[in-house]
Amino acid sequence: MAGRTSAERAGNSVETYSNFIDGEWREPQGGETVDVMSPSDGQVFAKIARGNAKDIDQAVAAARNAFEEGDWGRLSAVERGRILMKLGELITQNAEDLAQLEARDTGKPMSQARADMVAAARYFEYYGSAADKVHGDTIPFMQGYSVTTIPEPHGVTGHVIPWNYPAQMFGRTLAPALAMGNATVLKPAEEACLTPLRITALAQEAGFPAGAINVVTGLGEEAGAALSGHGDINFLAFTGSPEVGTLIQKAAAENYIGCVLELGGKSPQIIFADADLEAALPVVLNAIVQNGGQTCSAGSRVLVEQSIFDDVVDTLKDRFSGLTAGPHDTDLNCGGLISAGQAKRVIGFIERAEQAGIPLLARGKIAAGAPEGGHYVAPALFGPVPENSEMGREEVFGPVLSVLPFKDEDDAVRLANDTDYGLVAGVWTSDAGRLMRVGKRVKCGQIFLNGYGAGGGIELPFGGVRKSGHGREKGFEAMLEFCATKTLVHNHG
Ligand code: NAP
Ligand code: MG
């Protein structure tokens, strides 16, 4: 497979991946690499290019050329759409290999990695079929005029993605941008970027012309900062932490361009006393266990009406004690967390909550025989969690669930809105009126009524308010982020 360089061809067991620029695999100009580790055992199994500002310059120039002069800019919308759909097909054909690689690179259980490949393919299928469906208007104006609007691609778009769902994020951010006709430069996360590189190789097979997709790997503060601050980028798309999101937004401001930011959350699931608990609790559990809680839309706060608080907590305690974390190929509830640093960060949250006297209600297990060097954290359930505590307000990004009691509907809405975030929420009740009332009052970008889908639904517009970011990804709306309206005013007399 393209993407591996001389070291691998010479039989070296550690594969080395290069950057992909202007339709070819290129060694990084600084000549350095970064180790790629598996969270399941902490062992280095590959190396990626440590791209720097010079590689980013080349990638942006290649994208600019593809957009302005090259074959990519000349394609019609329907032709672009067909290439995207072809890539969706190729991802599906290679799904098992990609899932194995994703699971090894991120530590996630195999079944999660397989589900991720279905979603990754779906992004290219969905946006491929949307490519020829964004069109302008004619606007009635003064006598003697005709007015037409044209949605135009921005040009060169820069994309920075995190490590939690590398293949899905590749599709989520690039597919709508490409469908609209932009040429793209991607900086995936240093911690996990092998499936984006493999899918980039498949993209060449699908027929993307040189320069449409460029990928530079490496460190955030080097390649990421060089990309987001580059003067020839026309739009930025970022998913990750609020801290880096702020840097991205500042970089966008310096260059007078727009950006879409998706920055995580502390998403509430509100359970009223009249809820169908049999339906609700497995979903509530899955929403925090999925991907070891390393999901921006993880349902990490469960708000429970006081009268059923003890019952709900008892059931959750039971289920949490039965959870096990272990290597990706054993396909347990959770895998290792992405890095030793992330595991330490999550353990820090757990220890500080215990020191603050918040009851630790249940703890899952780490599988017997899980490799010592793996980054495992046993799932943890806390409650009742004080609303103003760190555990009640901050994003942990690990398999840690907070349970908080509420008194009535107003109190539930107040609590749901009482963090700096606003990404996703869930409401569980058998009262249809209340579902809609609460659905309208909770401040977030996506709300599930008697359900919850952490990360689910390619068709569903997704994004946040406040510290969760702004702009919308997924759904047809994402197409509109990646274009700008030009208004043609024709004075024909
Ligand atoms: P992060 O630092 O925000 O990383 C996200 C992406 O931004 C990565 O590709 C990263 O590159 C890049 N980056 C880092 N510094 C940059 C800079 N100065 N300029 C441009 N790009 C830069 O997130 P993290 O450190 O991986 O995780 C920290 C916390 O963020 C997590 O614990 C979690 O709370 C949150 N998070 C949220 C999401 C989400 O889906 N919303 C995803 C991941 C993390 P490198 O990684 O290669 O340095
Ligand atoms: Mg890795």
Side-chain angles (χ1 to χ4, degrees), residues 33-37 39 48-53 56 105-106 116 158-166 168-170 172-173 185-194 196 215-230 233 236-252 254 259-267 290-298 300 337-349 375 377 390 393-400 419-424 445-446 454-455 462-464 466-471 473-474:
T33 57
V34 179
D35 287 345
V36 175
M37 202 182 280
I48 53 166
R50 179 169 168 177
N52 62 23
I56 291 287
D105 199 7
T106 61
D116 287 3
H159 305 254
V160 179
I161 58 172
W163 39 257
N164 49 352
Y165 293 86
Q168 279 209 53
M169 290 300 316
F170 181 95
R172 179 169 125 188
T173 191
V185 181
L186 171 73
K187 208 301 282 178
E190 163 204 351
E191 309 277 17
C193 62
L194 300 187
V215 183
V216 177
T217 59
L219 311 183
E221 59 273 27
E222 288 177 6
L227 176 60
S228 52
H230 200 287
I233 293 280
L236 285 167
F238 173 78
T239 299
S241 63
E243 295 70 28
V244 178
T246 305
L247 297 177
I248 300 279
Q249 180 139 357
K250 283 183 180 157
E254 292 289 335
C259 61
V260 48
L261 301 179
E262 200 271 271
L263 311 176
K266 188 78 177 176
S267 297
Q290 179 184 320
N291 214 37
Q294 303 167 113
T295 304
C296 44
S297 50
S300 53
L337 300 192
I338 190 71
S339 61
Q342 185 67 12
K344 195 168 157 213
R345 184 174 181 275
V346 171
I347 289 166
F349 275 105
H375 312 137
V377 175
E390 180 189 63
R393 306 185 69 85
E394 299 300 323
E395 183 180 51
V396 176
F397 228 60
V400 182
T419 71
D420 294 336
Y421 293 98
L423 191 61
V424 179
Q446 201 174 61
F462 175 79
R466 302 189 300 233
K467 203 174 167 183
S468 292
H470 55 75
E473 298 190 296
K474 301 184 162 186

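Just so it is clear, the values below take in all heavy atoms, side chains as well, and ignore hydrogens, waters and symmetry mates. Atoms within each ligand, like the ligands themselves, are counted from 1 in listed order.
Considering backbone and side-chain N/O of Glu191, none are found under 3.5 Å from N/O of ligand 1. The N/O atoms of Thr239, backbone and side chain alike, include none that comes under 3.5 Å of an N/O atom in ligand 1. Looking at ligand 1, you won't find any N or O of Phe238 less than 3.5 Å from one of its N or O atoms.
When the options Cys296, Cys193, Ala251, Gly398 are ranked by their closest heavy atom to atom 40 (O) of ligand 1, first place goes to Cys296. Counting only non-hydrogen atoms, the option in Tyr165, Phe349, Phe397 that gets closest to atom 44 (C) of ligand 1 is Phe397. The closest non-hydrogen atom to atom 41 (N) of ligand 1, taken over Gly469, Ser468, Gly264, comes from Gly264. Closest heavy-atom approach to atom 6 (C) of ligand 1 within the set Leu219, Ile48, Val160: this belongs to Val160. Residue Arg345 holds the heavy atom nearest to atom 32 (O) of ligand 1 of all those in Lys266, Arg345, Glu394.
With a heavy-atom cut-off of 4.0 Å, Ile161 touches ligand 1 through its backbone alone. Contact annotation: for Gln342 versus ligand 1, heavy atoms closer than 4.0 Å belong to the side chain alone. The residue Glu243 has no part lying near ligand 1, judged by heavy-atom distances below 4.0 Å. Contact annotation for Leu263 and ligand 1: only backbone heavy atoms (N, CA, C, O) come within less than 4.0 Å of the ligand.
When hydrogens are left out, the protein atom nearest atom 11 (O) of ligand 1 is Lys187 NZ, 2.9 Å; that is the closest non-hydrogen contact. With respect to atom 3 (O) of ligand 1, the closest heavy atom belonging to the protein is Ser241 OG, 2.6 Å. Of the protein's heavy atoms, Pro162 CB, 3.4 Å lies nearest to atom 43 (C) of ligand 1. Given atom 35 (C) of ligand 1, the protein heavy atom at minimum distance is Glu395 OE1, 3.7 Å. When hydrogens are left out, the protein atom nearest atom 14 (C) of ligand 1 is Gly220 CA, 3.5 Å; that is the closest non-hydrogen contact. If you check which protein heavy atom lies closest to atom 20 (C) of ligand 1, you get Gly224 C, 3.2 Å.
Side-chain polar atoms of Tyr165 and Thr295 form a donor-acceptor pair below 3.5 angstrom.
Within the 4.0 angstrom cut-off, atom 1 (P) of ligand 1 has one or more protein heavy-atom neighbours.
Counting heavy atoms from C-beta outward, Cys296 and Glu262 have side chains that approach closer than 4.5 Å.
A heavy-atom separation below 4.0 Å is found between Glu262 and ligand 1. The closest approach between Gly229 and ligand 1 stays at or above 4.0 Å for every heavy atom of the residue.
Met37 contributes atom CE, which lies 10.5 Å from atom CD1 of Ile338 (distance to the nearest 0.5 angstrom).
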